[in-house]
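These notes are about the structure you will find just below.
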Amino acid sequence: MSNKEDMDSEIPDLVKKYVPGVTRGLSWAKYSKEKGKGTVMKSEAFQEAKAEGFTTALKAPLGEDTNQILKDATEGIWNQARELTEKAKEVSHRINNQKSKKEREKVLGLARDAAKKAGVQAAIAAGWEQGWKEGLQERDSRNSD
C-alpha cells in the first residue's frame, strides 16, 4: 500500500470523527447568536417598560395607595408572563415525543419562540416595577424639597 492509499483510507475516519464537533460548534454559534438577539430584545423591552413605569409614578397622586396602583398596573403583565411560561413548558415537553429529527426541530423552534415571548413579557413587568420604584423616589424627593 502506498502512502496516498493510506491517507485516503484515513480521511473518511477523520471526517467522521471531526465533523460532528464542527457541526456542534456551528449549532452553538447559531444558538449564541439567537440568544444574543433575544437578550437585546428583552433589554429593550425592560428599558421601555421602566421608562413607562417611571413616568406613571411621577404622575401618581400623593396620598394614594401606591402599592395598589403598582399591583393594578403589573398584575396583568405578570399573569401574561406566567401564562406564556406555562405554554413554553407545555411545548418543550412535546419535543422528545416527536418521531423524526425534523419534527423535533420544529417543536424546538416553537418552544424557543414561546420561551422568548415569556421572557420578554417578564422583562416588561420587571422593568415597569423598577421604573415605578425609581419614579416614586424621584417624585417624593421633588416634593420634599
Side-chain angles (χ1 to χ4, degrees), residues 6-145:
D6 288 341
M7 287 182 68
D8 286 344
S9 66
E10 290 180 32
I11 291 174
D13 292 335
L14 290 173
V15 169
K16 288 179 183 176
K17 182 177 179 182
Y18 292 109
V19 166
V22 171
T23 304
R24 281 192 302 273
L26 292 174
S27 295
W28 180 254
K30 182 180 176 185
Y31 167 77
S32 295
K33 185 178 178 180
E34 290 298 316
K35 180 106 171 111
K37 287 179 185 177
T39 300
V40 167
M41 192 168 45
K42 289 177 212 160
S43 177
E44 289 171 352
F46 179 88
Q47 293 302 327
E48 287 176 21
K50 182 177 174 183
E52 185 180 326
F54 185 86
T55 302
T56 304
L58 289 176
K59 295 176 184 176
L62 294 173
E64 289 286 324
D65 184 14
T66 57
N67 289 332
Q68 187 60 42
I69 295 171
L70 174 64
K71 182 180 176 189
D72 292 344
T74 59
E75 189 171 9
I77 301 170
W78 278 116
N79 285 338
Q80 190 175 5
R82 282 189 279 278
E83 289 172 13
L84 290 168
T85 300
E86 286 304 313
K87 181 180 178 183
K89 286 179 185 178
E90 289 172 16
V91 173
S92 69
H93 288 303
R94 296 190 334 235
I95 294 170
N96 290 330
N97 296 336
Q98 305 308 308
K99 301 209 184 295
S100 71
K101 182 178 179 181
K102 186 176 180 178
E103 290 171 340
R104 282 190 300 278
E105 287 176 355
K106 182 180 177 183
V107 175
L108 180 60
L110 294 172
R112 283 184 185 137
D113 289 343
K116 193 181 299 183
K117 288 176 185 175
V120 168
Q121 191 66 28
I124 290 169
W128 209 99
E129 287 180 349
Q130 183 67 36
W132 174 261
K133 291 174 186 173
E134 291 176 11
L136 286 182
Q137 288 175 346
E138 178 74 20
R139 181 198 71 183
D140 294 346
S141 71
R142 286 181 187 175
N143 291 329
S144 66
D145 291 338

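Count residues from 1 along the sequence.
- The salt bridge (Lys or Arg N to Asp or Glu O under 4.0 Å) test applied to Glu103 returns no partner, not counting sequence neighbours.
- The two atoms that bring Ala118 and Ala81 nearest to each other are CB-O, 4.2 Å, heavy atoms only.
- Of all the heavy atoms in Ala123 and Lys42, the pair that sits closest is CB-O, 3.5 Å.
- The salt bridge (Lys or Arg N to Asp or Glu O under 4.0 Å) search around Lys89 returns Glu86, not counting sequence neighbours.
- With sequence neighbours excluded, the residues forming a side chain to side chain contact (heavy atoms under 4.5 Å, CB included) with Leu58 are Phe54, Glu138, Arg139, Arg142, listed by chain and number.
- Gln98 pairs by the side-chain hydrogen bond (donor to acceptor under 3.5 Å, both in side chains) definition with nothing, not counting sequence neighbours.
- Looking at Thr56 and Lys59, their side chains never come closer than 4.5 Å, going by heavy atoms from C-beta outward.
- Residues satisfying the salt bridge (Lys or Arg N to Asp or Glu O under 4.0 Å) criterion with Glu134, sequence neighbours excluded, are Lys50.
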* To do: Give the intermediate values and the outcome of side-chain contact (heavy atoms from CB on, under 4.5 Å) for residues Leu110 and Arg94.
  => CA-CA 10 Å; Leu110 294 172; Arg94 296 190 334 235; 4.2 Å; yes
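- Counting only residues at least two apart or on different chains, no salt bridge (charged side-chain N to carboxylate O under 4.0 Å, His left out) pair has a member in residues 108-127.
- Atoms CG and NZ, on Leu70 and Lys133 in that order, are 7.5 Å from each other to the nearest 0.5 Å.
- Among residues at least two apart or in separate chains, ring-ring contact (aromatic ring centres under 6.0 Å, His included) pairs with a member in residues 81-131 are Trp128-Trp132.
- Using a cutoff of 4.0 Å between basic side-chain nitrogens and carboxylate oxygens, Lys37 and Glu34 are scored as salt-bridged.
- Not a single salt bridge (Lys or Arg N to Asp or Glu O under 4.0 Å) links Glu48 to another residue, sequence neighbours left out.
- Applying the side chain to side chain contact (heavy atoms under 4.5 Å, CB included) criterion to Lys102, with sequence neighbours excluded, gives Ser100.
- Residue pairs meeting the side-chain hydrogen bond (donor to acceptor under 3.5 Å, both in side chains) criterion with at least one partner in residues 71-82, sequence neighbours excluded, are Gln68-Asp72, Trp78-Glu129, Asn79-Arg82, Gln80-Gln121.
- By the side chain to side chain contact (heavy atoms under 4.5 Å, CB included) test, Ser92 is found to be paired with Ile95, Ala111, residues two or more places apart in sequence or in another chain being considered.
- Put simply, the side chain of Ser43 never gets that close to the backbone of Thr39: no donor and acceptor are under 3.5 Å apart.
- In this structure Ala115 satisfies the side chain to side chain contact (heavy atoms under 4.5 Å, CB included) test together with Ala88, sequence neighbours excluded.
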